[in-house]
Amino acid sequence: MSVKIAYSTNTSSKEASQEIKEKFSNENNLKLVLFFASSNYDPNEIAAEMQNNFSSLKTFGCTTSGELISGLMLKNSIVAMAFSDDLIEDFSVEVLDDLNKKDAVDLAFKNFESHYESKMQEMDFKKYVGLTLIDGLSLAEEKIIDRIGDLTNIPFVGGSTGDDLKFTKTHVFYNGKAFSNSAILALLKPKVDFDIIKTQSFKALDKKLIPTKINSETRTVYEFNNIPAVKAYTDLIGIDINDASKYFMHHPLGLMANDEPFVRSPQQTKDDAMVFYCNVSENMELSLLESGNIVDDTKRDLDLANQKRKIKSMINFNCILRTLELEAKDQTEAYGKVFEDIPTIGFSTYGEQYLGHINQTSTILVFY
Amino acid sequence: MAGQIKNLVEQIIKVRCNGNPTLINPTKIKLILKGINPDKFNDESEDDPIIIGKLQTIIKDLNLVIEI
């Protein structure tokens, strides 16, 4: 046993947590429990109940906009993965409870260094992996993941916490408590090999936009190519200026790195400007993307990884915009089936992290 | 003057990766996400002070020691 997974759709925090515990009850070498819960549970209750039910273990997790478990895409549920001591040699979890604090990541990293008795810059990036769960309403993801990347070569992967599309408040959970406007960084030392899959379903068209007037704090682009942003975007696609938002999901923009897009998804128009779900920099060349088939492309990327070595378990941080597209195309069942044979948990995120903060992507931590 | 940007980018990648080829691609991607695409600069690229300033900030943030 390396991981055990379970879910509950019981709407009571207490009963749902007990149900999860019962499903894990035959395992006696558990070390750590990761869980993703709908924001429709009371955050303080679900955090406390999960910790109460696993009192000898550490529990951590976050709120979602939909949950994933092998074979299923769920709503209003809780999904959990318990890691056994034959998968995880050691772990350390840090809560960043003030995302405005400039040195929040640096302080967390100092605690990791104390725990592992090694400098983050000197740790073997093949032996450690980090998880990020960052408040999806904080607009802080770029600063956090960028600083992580400055301080270490250890890969960190994760997602932005959700609140079932209410866009009011999200939470992370650790050790029985719920925190808002916060993030969790977890540094795992697995006993097994691992990898990160980043999958998105887009091809880059030979059409570019360069942001020339922006506000990076609010993720707003006022002008592309010195033209009002909405006009530049709609002209590029060849559509009426009033129809811009209808094309956002199908035609986001991508920062290309080695022919692979790091997707920047438009969220809304504000007068002539466009607001994005993640940051774009001035003079950063962005390609117009065109969406494909999420189920086929995810399956292809998983099959590729599986061909190298058999994946034993995985954690999937799946963008809510992908979930909405899957729902619109009636493909949620097919998407769930892609992970049917692999012990998996995940959630629908407000953004994904791997090397940077991205959108309309699945970032997946796989264990071999 | 030209070529200083390419030189700085190469130095950043070399020092950060410390001879490990597996780290080259993620390091390049991190630079691209910071707004510096290593493949866009060559020996003829003009020494743009704004981009050089950005690279010096990156060197400081990454805590690298680079001979300029």
Side-chain angles (χ1 to χ4, degrees), chain A residues 102-103 105-106 109 119-127 129 141-157 195-196 198 208 210-212 214 216 254-264 278-287 352-359, chain B:
Chain A
K102 210 178 166 189
D103 56 355
V105 173
D106 296 59
F109 272 33
K119 296 273 181 204
M120 289 295 285
Q121 192 54 257
E122 292 165 7
M123 287 186 201
D124 186 342
F125 64 91
K126 290 177 183 163
K127 291 186 177 165
V129 65
E141 294 100 323
E142 287 90 349
K143 284 179 196 161
I144 293 172
I145 194 73
D146 194 50
R147 190 61 187 147
I148 287 171
D150 287 347
L151 296 174
T152 187
N153 287 321
I154 293 170
F156 274 71
V157 60
D195 203 355
I196 291 166
K198 169 181 165 291
K208 319 271 189 206
I210 295 176
T212 45
I214 64 161
S216 59
L255 174 62
M256 303 305 292
N258 304 329
D259 295 328
E260 185 183 348
F262 283 70
V263 183
R264 316 346 248 154
C278 68
N279 203 354
V280 298
S281 303
E282 208 164 87
N283 297 321
M284 173 185 270
E285 186 180 88
L286 300 169
S287 295
E352 304 74 57
Q353 288 92 45
Y354 175 55
L355 298 173
H357 178 55
I358 43 186
N359 307 131
Chain B
M1 291 288 286
Q4 197 182 341
I5 294 172
K6 180 184 177 243
N7 182 39
L8 275 175
V9 168
E10 283 178 348
Q11 289 278 327
I12 289 170
I13 293 169
K14 185 181 167 191
V15 175
R16 179 62 187 235
C17 298
N18 196 23
N20 192 324
T22 312
L23 290 173
I24 292 174
N25 194 41
T27 304
K28 277 187 174 179
I29 292 172
K30 284 179 190 175
L31 287 174
I32 291 170
L33 289 165
K34 285 175 182 287
I36 304 284
N37 187 337
D39 297 334
K40 297 275 180 192
F41 300 99
N42 58 34
D43 292 329
E44 278 76 49
S45 299
E46 197 182 320
D47 292 344
D48 182 335
I50 294 172
I51 296 172
I52 290 171
K54 267 189 187 178
L55 287 167
Q56 284 167 340
T57 303
I58 290 170
I59 290 166
K60 192 177 159 208
D61 289 343
L62 269 58
N63 198 23
L64 302 178
V65 179
I66 283 175
E67 289 173 22
I68 300 170

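Naming convention: chains lettered A, B, ... in sequence-line order (proteins, then strands); numbering from 1 in each chain. It should be emphasised that the depicted structure is a prediction, and the values quoted were computed from it without experimental measurement.
Using a 4.5 Å cut-off between heavy atoms, Lys40(B) touches chain A through its side chain atoms alone. For Thr152(A), the part lying near chain B is the backbone, with the side chain staying farther off; criterion is any non-hydrogen pair under 4.5 Å. For a residue to count as touching a neighbouring chain, one of its non-hydrogen atoms must lie under 4.5 Å from one of that chain's; by this rule Glu260(A) does not touch chain B. Only the side chain of Leu255(A) comes within contact range of chain B, judged by heavy atoms closer than 4.5 Å. Of the two parts of Asn20(B), only the side chain, counted from C-beta on, holds a non-hydrogen atom closer than 4.5 Å to a non-hydrogen atom of chain A. For Glu142(A), no part lies near chain B; criterion is any non-hydrogen pair under 4.5 Å. Residue Asn63(B): no heavy atom, backbone or side chain, is found under 4.5 Å from chain A.
Under the side-chain contact (heavy atoms from CB on, under 4.5 Å) rule, Leu31(B) has a single partner from Val9(B), Asn37(B), Leu62(B), which is Val9(B).
Using a cut-off of 4.0 Å between Lys/Arg side-chain N and Asp/Glu carboxylate O, Asp48(B) and Lys54(B) are scored as not salt-bridged. Remark: Asp146(A) does not engage Lys143(A) in a salt bridge, criterion side-chain N to carboxylate O under 4.0 Å.
In this structure, the side chain of Asn153(A) does not engage the main chain of Phe125(A) through any donor-acceptor pair within 3.5 Å. At least one donor-acceptor pair under 3.5 Å links the side chain of Asp47(B) to the backbone N or O of Gly3(B). A side-chain donor-acceptor contact under 3.5 Å links Arg16(B) to the backbone of Asp150(A).
Chain A forms more heavy-atom pairs under 4.5 Å with one residue of Ile29(B), Asp39(B), Leu23(B) than with any other, namely Leu23(B).
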